[in-house]
Amino acid sequence: MQAIEIDETAKTLRPCEMAEPEYGERDVLIDVVAAGINRADVMQRQGLYPNPHGGPNVPGLEVSGRIAAVGRAVHQWKVGDEVCALLSGGGYAEKVAVDAGHVLPVPAGVPLEDAAALPEVMCTVYSNVFMTANLRPGEWLLVHGGGSGIGTAAIQVARAFNAHVAVTAGSQEKLDAVRPLGVELAINYRTDDFVERMRDRTGDGADVILDVVGAKYLARNVEALAPSGRLVVIGLLGGRKAELDLNKLMGKRAAVIGTTLRARPDQEKASIVAEVTAEVWPLIESGRVAPTIHARLPLDEAARGQQMLEDSTSVGKVLLTLGS
Ligand SMILES: NC(=O)c1ccc[n+]([C@@H]2O[C@H](COP(=O)([O-])OP(=O)(O)OC[C@H]3O[C@@H](n4cnc5c(N)ncnc54)[C@H](OP(=O)(O)O)[C@@H]3O)[C@@H](O)[C@H]2O)c1
């Protein structure tokens, strides 16, 4: 099959031919129609984020497509089903094998190709903002990187659950692009202080912060939290080590949590996939939440797609398509 692999020396992507993946008795084999590009793929290419499960160095954490074969112990899917799936790697390829518990149906009303934009962002957002940080209706969520794939999903899902949403982004264009998704407070981090803006608007600050910046924002994130606030760090675009004022944390009875989806055990991922299918898919099917797609490119333009994320010019998701 055709795939895109990482040249580890040059830190570039190159098309290659490789054997089709083998699938186990609990796996399905998918004929890929589209693959989502994630920031983690860019970091993997740069040598900063190896696949924790090993295997060929083919990036790609999510795909959509049709089931081509099922393992002996798989009963919930059959050949021909149109699905999308959460992967721990290998999505930039014509075929991928994945645990049947990490597969989701294509939500009604979403084109098969566009469904590749959903698994990674929806599982990340739902598991962190709802299952871990327990965002409740009426609370304020602050999303850093509001124009990211993650950000555009977080805004919509939080609004659909009747929370208030504030976002930061690095340009007015990005803020204007995401405002219609349900943003009530749009903060340009290059010109404004998000701590002040959050306090001015909400009084207390953010109940939950979904953070992709890490070290650079840690102190200010704790400042921006409301009493009993929860800061969930899911990205380290601004570094990994910082000082934490525990006194401030204690005074607010606040929590700082860090997670990664990719490294979770299979069973945990399957539980997240099941909850996302039950709780988020109906919101997509009713039209309250939709994939935000910046660009669709052919598989062999994967390098150009990754460059869009690296340059932070994309708003929402960039997809690689393999035809139907
Ligand atoms: N832990 C997990 O399980 C998990 C799962 C999925 C994703 N993530 C993380 O979530 C983040 C977003 O992923 P994605 O695929 O949605 O990426 P993406 O679409 O490429 O978005 C990244 C965003 O980060 C902003 N950004 C880049 N560098 C920044 C910096 N130094 N300071 C502040 N903002 C910066 C950019 O927005 P501006 O132009 O506005 O700066 C950009 O929109 C990544 O860090 C990724 O690793 C984590």
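Both ligands and their constituent atoms are indexed starting at 1 by order of listing.
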Novice: Are Leu283 and Val110 connected, step by step, through hydrophobic side chains (Ile, Leu, Val, Met, Phe, Trp, Tyr) whose heavy atoms are closer than 4.5 Å?
Specialist: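 Result: yes, single cluster for both.
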Novice: Do any N/O atoms on Thr124 end up under 3.5 angstrom from N/O atoms on ligand 1?
Specialist: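 No, there is no polar N/O contact under 3.5 Å.
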Novice: Backbone N or O of Lys78 within a donor-acceptor pair of the Asp81 side chain at under 3.5 Å?
Specialist: yes
Novice: Is it possible for you to say whether Ile37 and Met43 belong to one hydrophobic cluster, with membership spreading through side-chain heavy-atom contacts below 4.5 Å?
Specialist: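 Per the 4.5 Å side-chain linkage, Ile37 and Met43 are not co-clustered.
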Novice: How far is atom 35 (C) of ligand 1 from the closest protein heavy atom, and which atom is that?
Specialist: Leu237 CD1, 4.0 Å
Novice: When you compare ligand 1 with Ala169, is there at least one nitrogen or oxygen pair between them that comes in under 3.5 angstrom?
Specialist: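 No; every N/O pair is 3.5 Å or more apart.
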Novice: Tell me whether ligand 1 is touched by Tyr49 - counting only heavy atoms on the residue side and a distance under 4.0 Å.
Specialist: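 Outside the 4.0 Å threshold, so no.
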Novice: Check whether any side-chain N or O of Arg201 sits under 3.5 Å from a backbone N or O of Glu184 as a donor-acceptor pair, and report yes or no.
Specialist: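 Pair found, side chain donor or acceptor close to backbone of Glu184.
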Novice: Would Gly149 count as a polar contact of ligand 1, with the cut-off being nitrogen or oxygen pairs under 3.5 Å?
Specialist: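 Yes - when backbone and side-chain N and O of Gly149 are compared with those of ligand 1, one distance drops under 3.5 Å.
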Novice: Which protein heavy atom lies closest to atom 36 (C) of ligand 1, and at what distance to 0.1 Å?
Specialist: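 Of the protein heavy atoms, Ser312 OG, 3.4 Å lies nearest.
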Novice: Given the rule that I, L, V, M, F, W and Y join up when any side-chain heavy atoms are under 4.5 Å apart, are Val129 and Val276 in one cluster?
Specialist: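 Yes; Val276 is reachable from Val129 via cluster members.
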Novice: Identify the protein heavy atom lying closest to atom 6 (C) of ligand 1, giving its residue, its atom name and the separation to 0.1 Å.
Specialist: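 Of every protein heavy atom, Glu120 OE2, 3.2 Å lies nearest to atom 6 (C) of ligand 1.
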Novice: Using the rule that two of Ile, Leu, Val, Met, Phe, Trp, Tyr join whenever any of their side-chain heavy atoms come within less than 4.5 Å, decide whether Met1 and Leu29 are in one cluster.
Specialist: no
Novice: Any sub-3.5 Å donor-acceptor pair from Arg253's side-chain atoms to Ser228's backbone N or O?
Specialist: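 Pair absent, no side-chain N/O of Arg253 close to backbone of Ser228.
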Novice: Please state which protein non-hydrogen atom is closest to atom 23 (C) of ligand 1 and give its distance, to 0.1 Å?
Specialist: Ser148 CB, 3.7 Å
Novice: Which option wins on minimum heavy-atom distance to atom 1 (N) of ligand 1: Ile37, Val315, Thr259?
Specialist: Thr259
Novice: Which protein non-hydrogen atom lies closest to atom 17 (O) of ligand 1, naming both residue and atom, and how far is it?
Specialist: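 Checked against all protein heavy atoms, atom 17 (O) of ligand 1 sits closest to Arg39 CB, 3.3 Å.
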Novice: Tell me which protein heavy atom sits closest to atom 40 (O) of ligand 1, plus the residue, atom name and distance to 0.1 Å.
Specialist: Gly170 N, 2.7 Å
Novice: Do Ile293 and Leu299 belong to the same hydrophobic cluster, where Ile, Leu, Val, Met, Phe, Trp and Tyr are linked whenever their side-chain heavy atoms lie under 4.5 Å apart, directly or via other members?
Specialist: no
Novice: N/O of Leu261 under 3.5 Å from N/O of ligand 1, yes or no?
Specialist: yes
Novice: Given Val222, which partner from the list Leu244, Leu246, Asp245 fulfils the side-chain contact (heavy atoms from CB on, under 4.5 Å) test?
Specialist: Leu244
Novice: Among protein heavy atoms, which sits nearest to atom 43 (O) of ligand 1, and what does the distance come to when rounded to 0.1 Å?
Specialist: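 Checked against all protein heavy atoms, atom 43 (O) of ligand 1 sits closest to Lys174 NZ, 3.2 Å.
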Novice: Go through ligand 1 atom by atom and flag the ones less than 4.0 Å from a non-hydrogen atom of Gly235.
Specialist: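 What qualifies from ligand 1 is 45 (O).
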Novice: For atom 48 (C) of ligand 1, what is the nearest protein heavy atom, given as residue, atom name and distance?
Specialist: Ile234 O, 2.8 Å
